[in-house]
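Working notes, structure below.
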Amino acid sequence: MTDVEPKLSVKRENEDTLEAADSKRARLDANGDEPSATPVGVRKHSRDQTADENGADTKRVRQTPVKTEVKSEPAAASPRKAATPKGKYAEADSDSESESNSDSDADDKKSLAARLASKAKASPKPSPKAKAAAPSSAKKAPTPKKAAKKESSDEESEESEDSSEDEDDGSDESGSDSGSDDDSDDEDAYDDEDAPKPKKPAVKKAASPKKAAASPKTKPAAGTSKKASKSADGDGAVTKKKKKADEDDEDVHKWWEEDLTAMLGDGSERWQTLSHNGVMLAPEYVALPPQAFFKYNGQKVALSLPTEELIGFYAAMLKSDYVTKDKFNENFMVELRKVMTKEEKALITDLAKCDFTVIQDYFEQQREIRKNRTKEEKAAIKAQNEELVKQYGFCLMDGRKERIANFRVEPPGLFRGRGDHPKMGMLKRRVVPEDITINCSKDSTPPAPPAGHKWKEVICNKTVTWLASWVDGISGHAKYVMLNSASKLKGLNDMKKYEKARDLKKHIKHIRRSYTEDMSSKEMAIRQRATALHFIDRLALRCGNEKDPEEQADTVGCCSLRFEHIKLEEPSTVHFDFLGKDSIRYQNSVDVEERVYKNLIIFQKNKEEGDLLFDRLTTTALNKYLTDFMPGLTAKVFRTYNASITLQEQLKLTPTDGSIHEKVLAYNRANRAVAVLCNHQRSVPKKFGEQMDKMDEKIEAVKKELNEARKVYKETKDEKKKAAVERLKARVDSLVIQKTDKDENKTIALSTAKLNYLDPRITVAWCKRYDVPVEKIYNKTQRSKFAWSMGVPTDFTF
DNA sequence: TGTGAGACTTGGAATAATCTTC
DNA sequence: GAAGATTATTCCAAGTCTCACA
C-alpha cells in the first residue's frame, strides 16, 4: 500500500494575506467615496417568465426575458415592499464607513472554529427523550467563546449594526440568535428591497384542514419530529416503517454536538482510519439472445461481442433526442469502427442502413417483463439489492459506520453530454479493477479485487475523502466514490460552507463599496473585475472558468462571457443571453447603473463575436481579490450568500395565521424565488397540461359538492351538515393552493437550491416559528443531510 | 505566472418506490 | 388491486477552486 503524504497545505491565511487585506481596506476607506446603492438583481418571479411547454426546442430554456431593476431607485411598490422601508440600503450603507480593519482577522478559520465550537457547546447533548420533548425551546446557556468575543471587541463601536451582529454570532451560535436582524439591519433592508417578489397567494385563508389543524400542543415540534409527514399531519398511527426510521435515527452520529474545533483541525487529515469493501463493478457483457438481432441494409448480421455491445447501447437510446444529433451519430460511428472486426468494418459503413429496431424491441420487452414481475420476484430482487448495499454500501471511518453514496462503478455506455457536447456518442468504456485506485487505512485489510484482477493501486491518503477513484475515459478527469450526504464529512463541509456565506454578510457592504468604487478605476483590468463582480453579486452568476471548446460544450459564466452574450440598449438596459452550466440558457434583461452601462460599452468596443467581454480578467485573479477581503472567499460564496439571504427575506411573507398548506406554499414561493435567482430550470413535465386539467376538474367537482352541501345545510340547519360544509371548503382551498403551487413550479427546479444553496437552519427555524412540521419541507434523506441543523434555535438568522 | 491535475460541489434527468384514486 | 400520479433516489455530467510544478 502506498502511503500518500498530505500534499495540500490547508492553512490558507498568513501574515502577508492579512496585511494585504488590511492595507487594501485602509486604501478603500481612505478613498471613501460613498458608493451608490445598488440593489441585488434578483429577478422577480412571475409565471410570465416560464418557458413554453411546446416541446423539445423549449426545453430548459427561459423564453421570456425578465426585466430586473438593478438601479438604485426604489423599486416599484409591491406587496413585498412592506417588509422593509424604501431607501434603507443607501441609508444603512453610509453607516458602514467606519468598518473595522480587523474584519478579515475576525473571519479567519480560527474564528469559524470558535463559532462552530461554541455552537457545539451550546447544544448540550440531550437524551433522545428530552430532545423529543422540548427540542425547539431549549435555551442555550451562555458560553465563553473567546474568539467570538475577541472578534466582537475588535470591532469599532460605531459599526453598531455590524458589531451587534458579531455579538450575535457569538451568542447566535450558542443558540440565542437574538434576531437582531430587525428593520435596522442594513443588509436585510438591502435584500428586502431586491429579492424577488412573488405574488401573494390568490387564495383565501382556508379553515385549517383537519391535519393542519392538529394543535401545536399535540404536534411534534418542527425540526425534530420523528413522525413522517402523514403522522405529523395527524392522520395515523406510527407505522412499522416509521418505527424503523426512528430506530435508524437513534444510530445517527451527532458529530455536530462534539468539539468542532478539533474536527476542523488544520484540515490536512480528514480521517484517521478507513476500511471498506471496495466498489461494485459493472457486470460483464452478456450476449443478446438470437431473437434480438441487428440488420444492415435489410439483412440480418451476426456481430462480434464488442460490436454487439456498442450496437446495443445505441439501440437503447433510439427514443432519445441524441440519435437525431449529427455529432452523436458521427462519434458513435467512429467508436463502432474501432471495435468492429475486419469483416464488420467492410460491411457496416453507413449508419442510415443500420436497423436497430429488433434489438430495441427486445429491450422494450425486457422492460415490460421487469415491470410485470410478481410480488415475490420483486421482493427477491429487493432483498438482493439490500445485500449489495450491506456489502458495498458502508465503510468504517474512524470507527463509525458511514453510508457510501456511489459504490457502483459507472457502467459502460454512450456518453450523453449535455447541450452541444463535442464528445456525445463516444464510448464510455468499461471500468475494470486495473483502473481503480483504492484508498483505505494502512492498517486495514484492503478490499479484495475480483478473482483474476488487481486494483490499479491501493493507497492511504488521509487528506482526501474518497474511497476509490478512476479516470473517466471521456473527460480524462477523475471520478470518485465518496460518502453519502448524511455522513459527518459531508455534513461538516456543508456546515462550513454556510458559515462562510454567513461570514460574507459581515464583509458584503465593504466589498460592494469597493467594487462600486473600482468601476471608475483608470485601470481597465480593475474596472472589468469590478463590473464582473457586480454581476456575480447582483445576478448570482457563476464565476465562469475557462473551458476547452474541443473537449466541452460551449457554455459560459460571468468571467467567460463573450461579446455576443450581452446586448446593450439605451439608456441603461443590458440583455443577457448565453448558455450556462449544463447548457441551460440564461436570458435576463437588467437595468443597470450608468457606470456599469458605460463600462460595458467600453468593454465591447473594438470587439466582435467570439471575443471575451472581460478580456483582462481571470477567475483566479477575481478570487484572489476576494480572498483579500475575507479568507476563503470566492465567487461561488456569493451565490450561497444571496440565495440564503433571499430565502430568509422571502419567508417573512409567510402568513402567520395561515393553514399549514398556505405556509408551505409561502415556503415554496421563497424557495422558488431563489431558484429563479440562480436560474434553476427544468423541462416542463410531459403530462403537465393534462395534470393541470385534471386538477381543475377535481376542484370543480369539490366545489359542486360544496354547493350541494350548503343547500342542504340551509334547508336543515343541521350542525353536522355545517361541519361538512367547512370540510369541503377547506378541501377546495387546499386543492387551489396545490394547483397554484404546481403551476408556479412548471419550469422551476426547486431541489438544487434547497439542497445546495439554502442554509437549512433558516428553514428549520422557520418551521419552528410557524409550527410547520419540518417533514413538510424536507424528506427523510434531506433531514439526514441536514441533521446538523435541526437543533437550531427558533430565532436563528442567517 | 500559467497550466493542468485533483478534489470536491452543483445540477437536471431518469428511474424506482410509494401513494392515491378508482 | 391496477393504473396513474407523485415523490424519493440514483445517476453521472459539469461546474468551481486549490495546489503543485514547469
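Proteins get letters first, then strands, A, B, ... in listed order; numbering begins at 1 in each. Just so it is clear, the model here is predicted, and its values are computed rather than measured.
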Which one, [options], comes nearest to the side chain of [X]?
X: A:E410; options: C:dC17, C:dC12, B:dG12; answer: C:dC12
X: A:I584; options: B:dG12, B:dC8, C:dC12; answer: B:dG12
X: A:R682; options: C:dA13, B:dA13, B:dT21; answer: B:dA13
X: A:N756; options: B:dG12, B:dT10, B:dT9; answer: B:dT10

What is the distance from [atom1] of [X] to [atom2] of [N], rounded to the nearest Å?
X: A:L633; N: C:dC17; atom1: CG; atom2: C1'; value: 12 Å
X: A:K624; N: C:dT18; atom1: NZ; atom2: P; value: 11 Å
X: A:K636; N: C:dT18; atom1: NZ; atom2: P; value: 9 Å
X: A:D554; N: C:dA13; atom1: CG; atom2: P; value: 20 Å
X: A:L755; N: B:dG11; atom1: CG; atom2: P; value: 10 Å
X: A:N623; N: C:dT18; atom1: CG; atom2: P; value: 6 Å
X: A:R418; N: C:dC11; atom1: CZ; atom2: P; value: 15 Å
X: A:L735; N: C:dT6; atom1: CG; atom2: P; value: 12 Å

Just checking, any donor-acceptor pair under 3.5 angstrom between side chains of A:Y778 and A:T763? yes

Sugar-phosphate only, base, or nothing, as touched by [X] at under 4.0 Å among non-hydrogen atoms:
X: A:K698; result: sugar-phosphate
X: A:R370; result: nothing
X: A:N406; result: nothing
X: A:A553; result: nothing
X: A:T555; result: sugar-phosphate
X: A:Y480; result: base
X: A:T465; result: sugar-phosphate

Comparing nearest nucleotides in DNA chain C, the 5'-proximal residue of the pair A:T620, A:H421 is A:H421

Start at the 5' end of DNA chain C and walk down; is the nucleotide closest to A:C558 or to A:F407 reached first? A:F407

Greater than 12 external heavy atoms within 6.0 Å of A:K456's NZ: no

With a 6.0 Å cut-off (strictly less than), is the heavy-atom count around CG of A:N385, excluding the residue itself, greater than 12? yes

With DNA chain B as reference, determine whether A:T640 or A:W466 sits nearer its 5' end, using the nearest nucleotide of each. A:W466

For A:E546 and A:L489, take the nucleotide of DNA chain B holding the closest heavy atom to each; which residue's nucleotide lies nearer the 5' end? A:E546

Are A:D494 and A:K490 close enough for a salt bridge, meaning some N to O gap below 4.0 Å? no

Would you please classify the geometry between the A:F535 ring and the A:F614 ring as parallel, tilted or perpendicular, with 30° and 60° separating the classes? tilted

Tell me whether the side-chain N or O atoms of A:K581 pair up with the base of B:dT10 as donor and acceptor below 3.5 Å, since no angle test is needed here. yes

N/O (side chain, A:K479) to phosphate O (OP1/OP2, B:dA7) under 4.0 Å: no

Quick one: closest heavy-atom pair of A:A315 and A:F363, and the distance? CB-CE1, 4.1 Å

